[in-house]
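What follows is one structure encoded as structure tokens, with my remarks underneath.
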Amino acid sequence: MAMHSDDDYMVTEEASVGYQKRTLIDHVNLHVKKGEILTLIGPNGVGKSTLFKCIVGEEKPDCGTIRFGAGVDIGYYDQHQAHLHENKTVLDEVWDDFHRLDQTEVRGALGLFLFTGDDVLMPISTLSGGEKGRVALTKLMLKKDNVLLLDEPTNNLDNRSVAWLEDFLMDYDGTVLVVSHDRYFLNNVCTHIVDIDYGKIKMYVGNYDFWYESSQLMVKQMKEANKKKEEKIKELQEFIQRFSANASKSKQATSRKRALEKIELDDIRPSSRKYPYIDFRPAREIGNEVLTVTNLSKTVDGVKVLDNVSFIVGREDKIALVGSDELAKTTLFKILAGELEPDEGSYKWGITTSTAYFPKDNTKDFDCDDTIVEWLMQFSPEKDVTYVRGFLGRMLFAGDDGVKKVKVLSGGEKVRVMLSKMMIMGANVLLLDQPTNHLDMESITALNNGLIKFPGAMIFASHDHQFVQTTANRIMEFVGGRMIDKITTYDEYLESDEMARKRQGFVALTEEQLEENDADTAE
């Protein structure tokens with residue numbers, strides 16, 4: 001199969017992709033052109049990652065072909081980072097592939113993704129999933145392929161790294177296929193949406209919000225068209241019934257029968273996407289005194305992550321903790337949840353408050369042999385299986401799912417169970433440390449809407465820009481252990497604070513350095 005034009009970087013023809021004998025994407029025809037940034041969207045498990053593996057040759061399509069234009073070089077970001085060398089340091093992992101760059105330049109590139117100072121000397125084997133992802137993105141940025149496949153590149157990146165990645169992709173003159181659950185990121189970078197549903201692909205020109213509005217409008221228009229057709233069908237049927245036995249009207253009746261046979265209703269299939277129902281309803285109304293934090297300090301592994309922090313939380317405050325100091329944010333959450341003691345200072349909850357805590361790491365919470373129902377029952381005010389199953393049903397756990405052992409659940413399932421726990425507790429103060437990690441787009445949207453409606457107070461941290469912007473009315477950022485505190489939205493915070501904007505930016509390698517490195521790689 002020949003390329004249709006010089007601008008065609010990739011063409012799939014009648015390609016089908018499956019997993020474990022189940023067809024995920026069926027007979028797809030897709031043309032990807034130079035300069036396009038395509039976002040693949042669809043429910044978890046529809047085959048987005050499997051399609052990527054077929055494109056890079058790690059797997060083969062069940063049928064059909066995938067072809068590439070002349071001179072196409074593909075760079076692949078795998079969300080599991082299987083291609084990194086566990087025995088190397090961060091610096092060596094990058095430097096060994098790009099010999100012409102000196103150490104300062106390599107450190108500068110790593111600095112774009114928050115590896116500074118001695119961070120670059122850490123062994124790959126000791127890194128978290130998010131840190132490994134940042135190393136892989138550094139290498140991909142330096143390699144300069146003309147087609148990039150990015151599978152969940154924003155997972156575990158802080159807002160600054162995501163902002164830099166957005167700028168990099170918007171200036172990139174190649175072609176990008178990306179899978180991400182970050183709606184703000186997708187709205188900023190993508191030119192086309194590739195929607196995968198029921199094994200079929202539809203392409204839309206525009207960003208994520210445009211796709212959502214267009215898809216909703218399309219369904220609405222099809223319903224309205226079907227309604228008009230149904231009215232016409234009813235009118236024809238009534239005429240036929242009235243005059244089919246009338247000799248003088250028999251020709252007209254026959255004509256209308258033919259017209260009736262030609263009317264076809266559009267087949268409107270509801271999307272296979274499933275949205276959980278997330279609704280936090282406090283069992284008790286919150287009073288005016290919520291939380292007072294006074295001169296709080298905490299040192300972790302010799303680093304003072306909280307330094308004389310003080311603030312007061314009001315009953316309508318929805319506070320987002322932002323910035324790159326993940327340890328400071330998580331440490332504050334653990335102190336407020338009673339899991340850590342501060343070195344200095346104090347905090348006091350109001351007498352009307354009840355709290356529910358969502359930890360970033362829930363490993364110890366699920367380290368038991370309980371089923372989902374048994375685990376959730378311990379937090380329920382009503383010790384009734386049907387009552388508990390109702391909350392699980394809202395979070396898309398149906399039927400026999402309730403007897404699954406919690407320790408075997410996937411990351412996304414554990415998050416949904418944790419959110420079920422927070423709903424069933426009926427707390428009027430929510431503490432959430434990165435609740436959007438491991439969630440699909442539908443669950444993030446549902447959680448976002450649930451928190452917007454929540455009538456209590458909350459403190460939360462998230463790397464999802466849109467999630468923060470639409471939920472928070474107060475922003476806190478930790479810088480060197482000290483806290484910046486402003487009553488504002490996230491976008492207003494970034495626009496009004498010059499230093500905040502600087503903390504969002506980086507100094508990139510020069511184009512000349514990248515070109516030199518590109519030549520070196522080619523050798």
Side-chain angles (χ1 to χ4, degrees), residues 18-24 42-50 52-53 58-59 78-82 86 125-133 151-152 155-156 179 181 272-278 330 333-334 337 339 356-380 382-425 431-444 446-447 450 462:
Y19 180 71
Q20 294 183 346
K21 298 182 179 180
R22 182 168 66 94
T23 299
L24 299 174
N44 284 351
V46 298
K48 300 185 292 291
S49 294
T50 305
F52 273 12
K53 289 178 180 178
E58 291 186 4
E59 296 184 14
D78 174 7
Q79 60 176 305
H80 302 296
Q81 312 314 327
E86 295 286 309
S125 59
T126 65
L127 301 184
S128 67
E131 289 168 332
K132 288 180 179 179
D151 192 3
E152 301 288 3
N155 275 8
N156 297 307
V179 174
H181 294 148
S272 63
R273 292 175 173 83
K274 294 182 179 179
Y275 290 81
Y277 179 72
I278 300 179
T330 295
F333 279 122
K334 287 183 176 180
E339 293 188 358
Y357 173 45
F358 183 104
K360 179 190 291 187
D361 183 358
N362 56 35
T363 304
K364 65 181 180 62
D365 295 274
F366 295 108
D367 186 19
C368 63
D369 289 321
D370 289 350
T371 65
I372 299 177
V373 169
E374 291 169 344
W375 187 89
L376 194 57
M377 187 78 77
Q378 63 185 312
F379 305 103
S380 174
E382 295 190 28
K383 306 304 179 184
D384 177 76
V385 172
T386 303
Y387 179 77
V388 170
R389 282 185 178 273
F391 282 87
L392 291 174
R394 295 178 185 179
M395 297 304 294
L396 308 181
F397 291 103
D400 294 336
D401 288 344
V403 299
K404 280 186 181 179
K405 299 285 188 180
V406 293
K407 63 183 179 183
V408 302
L409 298 179
S410 68
E413 288 173 327
K414 287 178 178 177
V415 170
R416 287 190 278 125
V417 172
M418 289 295 293
L419 293 173
S420 299
K421 166 195 165 183
M422 297 183 78
M423 285 192 288
I424 209 168
M425 289 175 67
L431 304 174
L432 304 109
D433 191 1
Q434 302 297 344
T436 57
N437 286 358
H438 305 292
L439 290 182
D440 60 19
M441 195 84 78
E442 292 72 38
S443 297
I444 291 172
L447 177 58
S462 173

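Source: prediction; values computed, not measured. What's counted below: heavy atoms across the whole structure, side chains too, no hydrogens, waters or symmetry copies.
- Rounded to the nearest 0.5 Å, atoms CE (M423) and OG (S380) are 12.0 Å apart.
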For residues 385-402, run the donor-acceptor check on the side chains, cut-off 3.5 Å, and write out each pair with its distance to 0.1 Å, sequence neighbours left out.
from : atom 1 : to   : atom 2 : distance (Å)
R389 : NH1    : G399 : O      : 2.9
D401 : OD2    : A398 : N      : 3.0

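- Counting non-hydrogen atoms of neighbouring residues, nucleotides and ligands closer than 6.0 angstrom, the NZ atom of K334 reaches no more than 12 such neighbours.
- Separation of atoms CG (D78) and CD (E58) is listed at 6.5 Å; rounding is to 0.5 Å.
- In summary, of the residues considered (T363, D370, D367, D369), a side chain to side chain contact (heavy atoms under 4.5 Å, CB included) with K407 occurs for D369 alone.
- Here L409 contributes atom CG and H438 contributes atom NE2; the two are 12.5 Å apart, rounded to the nearest 0.5 Å.
- Residue D151 comes nearest to S49 through the heavy atom pair OD2-OG, 2.7 Å, listed as atom of the first residue, atom of the second, then distance.
- When every heavy atom of K383 is checked against every heavy atom of Q378, the shortest pair comes out as NZ-O, 3.5 Å.
- Closest approach of P276 to A446, counting heavy atoms only: O-CB, 3.3 Å.
- Between L447 and P435, the shortest heavy-atom distance links the atoms CD2-CB, 3.8 Å.
- With values rounded to the nearest 0.5 angstrom, L127 atom CG is found 8.0 Å from E86 atom CD.
- The pair K405-E374 fails the salt-bridge criterion, with no side-chain N (NZ, NE, NH1 or NH2) lying under 4.0 Å from an Asp/Glu carboxylate O.
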Review point. Should E339 and Y357 be marked as a side-chain contact (heavy atoms from CB on, under 4.5 Å) after you check the CA-CA gap, both sets of side-chain angles, and the distance that decides it?
Key: CA-CA 11 Å; E339 293 188 358; Y357 173 45; 3.5 Å; yes

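- Scanning both residues, K414 and V406, for their nearest heavy atoms gives CE-O, 3.6 Å.
- Separation of atoms CE (M441) and OG1 (T436) is listed at 11.5 Å; rounding is to 0.5 Å.
- Checked options I372, V417, V373; the residue passing with K404 is I372 (criterion: side chain to side chain contact (heavy atoms under 4.5 Å, CB included)).
- The backbone N or O of K421 lies less than 3.5 Å from no partner atom in the side chain of W375, so there is not a single donor-acceptor pair.
- Remark: F358 CZ to D433 CG distance equals 8.5 Å, nearest 0.5 Å.
- The two residues T50 and E59 come nearest to each other via the heavy atoms CG2-OE1, 3.5 Å.
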